[in-house]
Amino acid sequence: MKKLNGWLHLWLGLITGLITFIVSITGCLYVFIDEIRELAYRDRCYVQIENVPYQPLSVMVAQAQAAVPASHEIVRADIQPAPGRTWVFRAGAKYRVYVNPYTADVIYVEDQNREFFRVVLELHRNLLLGKEIGQPIVAYSILIFLLLCLSGLVLWWPKKWNRKHLKKSFTVKWKASFKRLNYDLHNVWGFYMLIPALVLAMTGLVYSFSWFDQAFTYSFSGGQHRTQWEIPKSAPTGGSDKRGLDSAFADVLRRYPKADMVSMRVREAEDAPYDFQVRMLKSRTYHFEWLYYDRQTAQLLYAYGTDDLNTADKIRAMNFDLHVGSFMGLPSKIFAFICSMFCASLPLTGFLIWYNRKWGKKKKRRA
């Protein structure tokens with residue numbers, strides 16, 4: 001069994017190593033995507049602060065829609081109420097429109113197909129091979145990585161629990177030869193990073209397989225099922241009167257003046273309510289409030305937030321923050337970056353171990 005485990009660990013690692021490396025490296029970049037975007041795209045993310053009220057949201061939606069082809073309808077607005085920030089309107093999956101909230105002028109129209117960080121995200125999700133081909137390849141490769149973590153624990157396990165073997169399993173010989181140092185980085189640090197690597201892999205698999213999503217949530221919630229939230233119906237407005245939208249949004253800002261971001265989803269159905277998700281803390285999607293307003297009267301129909309979730313819902317809501325390391329702010333982001341970088345190193349150090357064992361001995365014999 002030990003030989004079989006070692007054989008599977010080797011060949012599954014060699015087969016999926018390149019994909020694991022790509023997914024891990026792009027994951028490193030995505031950890032700090034908000035911070036990097038704000039630095040790289042400062043001219044489109046920020047505007048000069050003016051001592052005037054914000055323009056009505058309905059006006060900015062219309063301005064954003066006019067800036068893109070009519071075939072790409074505005075489906076979402078990401079609004080950061082902090083002074084001096086532009087508001088971002090998403091037109092389908094192709095465009096992002098940055099609007100000055102003081103004047104309703106369009107600052108920039110971003111083509112997502114050519115935007116660097118979008119390319120990084122798609123590389124992370126599907127290797128730029130599309131949802132039908134690339135996403136299953138990535139998903140099954142990460143599932144194999146999860147199994148490799150467990151088989152690696154078996155290979156790491158000390159033969160004897162005495163001082164000599166424990167020292168070899170728990171310490172890195174920094175002054176040893178490159179071959180030994182490479183082995184220790186793969187084996188010893190692989191043990192120390194086992195749990196973070198498992199967390200990154202499992203939280204990623206939640207987005208890949210519905211069965212894993214259900215099993216993961218069910219297992220870690222003590223057998224609970226997620227709540228099926230029903231979106232309330234709204235009285236139709238006929239599509240022309242947008243005063244309800246402006247009133248509803250004003251009420252959201254009044255209720256949550258310190259919100260980090262307000263995301264509005266534009267739903268097509270005439271009886272669909274105005275839909276606002278409020279993110280309370282920067283880069284943390286787990287702390288949220290969700291509100292639904294009537295289109296005609298701007299009356300609050302229904303609201304729920306983090307405090308209203310059961311254990312299964314809370315685990316699922318925390319999944320993204322765990323995956324990108326934002327659950328504790330900057331310290332956990334740095335830790336997630338280091339863990340993801342280490343995951344990227346595992347295929348490299350593993351390959352070198354195999355190469356040195358297979359080819360290094362031949363070179364030594366020839367010498």
Tell me whether Trp7 at atom CH2 has more than 12 heavy atoms from other residues, nucleotides or ligands lying less than 6.0 Å away. no
Trace of the salt bridge (Lys or Arg N to Asp or Glu O under 4.0 Å) decision for Glu270 with Arg295: CA-CA 9 Å; Glu270 278 295 313; Arg295 284 174 174 264; 5.2 Å; no
Between the side chains of Arg96 and Glu115, is the shortest nitrogen-to-carboxylate-oxygen separation below 4.0 Å, so that they form an ion pair? no
Under 3.5 Å, side chain of Ser247 to main-chain N/O of Gly244, donor-acceptor pair present?
-> no
Nearest heavy-atom contact between Met264 and Leu57 is SD-CD2, 3.8 Å
Parallel, tilted or perpendicular, as decided by the 30° and 60° cut-offs, for the rings of Phe337 and Phe32
tilted
Under a single-linkage definition using a 4.5 Å side-chain heavy-atom cutoff for Ile, Leu, Val, Met, Phe, Trp and Tyr, are Tyr286 and Val31 assigned to the same hydrophobic cluster?
no
Worksheet item: Hey, does the Lys NZ or Arg CZ of Arg42 hover above the aromatic six-ring of Tyr46, less than 6.0 Å from the centre and inside 45° of the axis?
Response: yes
- Is Glu122 paired with Arg118 through a side-chain N to carboxylate O contact shorter than 4.0 Å? yes
d(Asn100 CG, Thr103 OG1) to nearest 0.5 Å is 3.5 Å
**Report entry** Verdict with supporting geometry, Tyr102 and Ile49, side chain to side chain contact (heavy atoms under 4.5 Å, CB included)
**Finding:** CA-CA 8 Å; Tyr102 302 106; Ile49 300 174; 3.7 Å; yes
Discussion item. Can you confirm whether Ile195 is buried at CD1, in the sense that more than 12 heavy atoms of other residues, nucleotides or ligands lie under 6.0 Å from that atom?
Written reply: no
| query | Regarding Gln112 and Arg90, is there a side-chain donor-to-acceptor distance under 3.5 Å anywhere? | reply | no
**Aromatic ring proximity, centroids under 6.0 angstrom, Tyr292 and Tyr274** = no
Q) Does the ring centre of Phe117 sit less than 6.0 Å away from the ring centre of Tyr41? A) yes
**Prompt:** Is it true that a side-chain atom of Ser141 and a backbone atom of Thr16 form a donor plus acceptor pair closer than 3.5 Å?
**Reply:** no
Q.
For a side chain to side chain contact (heavy atoms under 4.5 Å, CB included) check, start with the C-alpha distance between Phe145 and Cys343, then their side-chain angles and the critical distance, and finish with the verdict.
A. CA-CA 10 Å; Phe145 175 78; Cys343 290; 3.9 Å; yes
**Request:** Give a yes-or-no answer on whether the side chains of Asp251 and Tyr293 include a donor-acceptor pair shorter than 3.5 Å.
**Result:** yes
Exercise. Is it true that Arg226 and Asp213 make a salt bridge, defined as a side-chain N closer than 4.0 Å to a carboxylate O?
Worked result: yes
Using a distance-only test with no angle check, is there a side-chain donor-acceptor pair under 3.5 angstrom linking Asp321 and Thr285? yes
Looking only at heavy atoms, the pair that brings Leu301 and Pro232 closest together is CB-CG, 4.1 Å
- Query: Is a side-chain donor or acceptor of Asp294 paired with a backbone partner of Leu300 at a separation under 3.5 angstrom?
  - Reply: no
- Item | Geometric cation-pi criterion, Arg284 with Phe327: 6.0 Å, 45° | no
Interatomic distance, CG@Leu185 vs CE@Met193, rounded to 0.5 Å, equals 11.0 Å
- Task: Give the intermediate values and the outcome of ring pair (Phe, Tyr, Trp, His ring centres under 6.0 Å) for residues Trp87 and Tyr98.
- Result: CA-CA 6 Å; Trp87 294 3; Tyr98 295 78; over 10 Å; no
Assess whether side chain to side chain contact (heavy atoms under 4.5 Å, CB included) is satisfied between Ile36 and Glu38, documenting all intermediate values. CA-CA 5 Å; Ile36 297 173; Glu38 289 179 13; over 6 Å; no
ask   = Does the side chain of Ile315 reach to within under 4.5 Å of the side chain of Thr311, using non-hydrogen atoms?
value = yes
*Ignoring hydrogens and angles, state whether a donor on the side chain of Tyr218 or Gln224 is under 3.5 Å from an acceptor on the partner side chain.*
no
Item to check | Check: Leu346 and His186 side chains under 4.5 Å, non-hydrogen atoms | outcome: yes
**OP:** Mind telling me whether Tyr30 and His124 have parallel, tilted or perpendicular rings, with 30° and 60° as the class edges?
**Re:** parallel
Problem set entry | Residue pair Asp275, Arg267: steps toward the side chain to side chain contact (heavy atoms under 4.5 Å, CB included) verdict | CA-CA 8 Å; Asp275 174 345; Arg267 302 188 183 275; 2.4 Å; yes
For Arg85, does its backbone N or O pair with a side-chain atom of Gln80 as donor and acceptor, under 3.5 Å?
no
Between the OG atom in Ser169 and the NZ atom in Lys160, the distance rounded to the nearest 0.5 Å is 13.0 Å
Q) In terms of heavy-atom contacts, does CG of Leu4 have more than 12 from other residues, nucleotides or ligands at under 6.0 Å? A) yes
| If Ile, Leu, Val, Met, Phe, Trp and Tyr residues are connected whenever their side-chain heavy atoms lie under 4.5 Å apart, and connections chain through other members, are Met318 and Met202 in the same group? | no
TODO: Count the heavy atoms belonging to other residues, nucleotides or ligands that lie under 6.0 Å from OH of Tyr140, then report whether that count exceeds 12.
DONE: no
Distance col, row Ile353:CD1 vs Lys179:NZ, nearest 0.5 angstrom, shows 10.0 Å
Is Asn356 reaching over with its side chain to a backbone N or O of Leu352, donor-acceptor style, under 3.5 angstrom?
-> yes
Would you find a donor on one side and an acceptor on the other, under 3.5 Å apart, between the side chain of Thr86 and the backbone of Cys45? yes
Q.
Check this for me, if you would: do Lys282 and Asp260 make a salt bridge, where the nitrogen-to-carboxylate-oxygen distance has to be below 4.0 angstrom?
A. no
Value for NZ (Lys3) from CG (Leu8), rounded to nearest 0.5 Å, stands at 14.5 Å
- Query: With distance as the sole test, does His323 use its side chain to make a donor-acceptor pair with the main-chain N or O of Leu200 at under 3.5 Å?
  - Reply: yes
Taking the six-membered ring for Trp and the single ring otherwise, decide whether the centroids of Phe276 and Trp290 are under 6.0 Å apart.
no
Enclosure of Gln65 CD (heavy-atom neighbours >12, cutoff 6.0 Å): yes
Between the NE2 atom in His72 and the NZ atom in Lys94, the distance rounded to the nearest 0.5 Å is 6.0 Å
Review point. For residues Ser58 and Asp246, is any side-chain donor paired with an opposing acceptor at under 3.5 Å?
Key: yes
Does the Asp271 side chain pair with the main chain of Ser234, one donor and one acceptor, at a distance under 3.5 Å?
no
Of Trp189, Phe191, Trp157, the one forming a ring pair (Phe, Tyr, Trp, His ring centres under 6.0 Å) with Phe170 is Phe191
Original post:
Okay, side chain of Tyr95, backbone of Ile74: is any donor-acceptor separation there less than 3.5 Å?
Top reply: no
Would you tell me whether Tyr207 and Asn319 have side-chain atoms, one donor and one acceptor, within less than 3.5 Å of each other?
-> yes
For this session: Report yes or no: is the cationic atom of Arg44 (NZ for Lys, CZ for Arg) under 6.0 Å from the centre of the six-membered ring of Tyr108, at an angle within 45° of the ring normal?
Result: yes
**Item:** Donor-acceptor under 3.5 Å (Trp156 side chain, Val188 main chain)
**Value:** no
More than 12 foreign heavy atoms under 6.0 Å from CD of Glu73: is that the case here? no
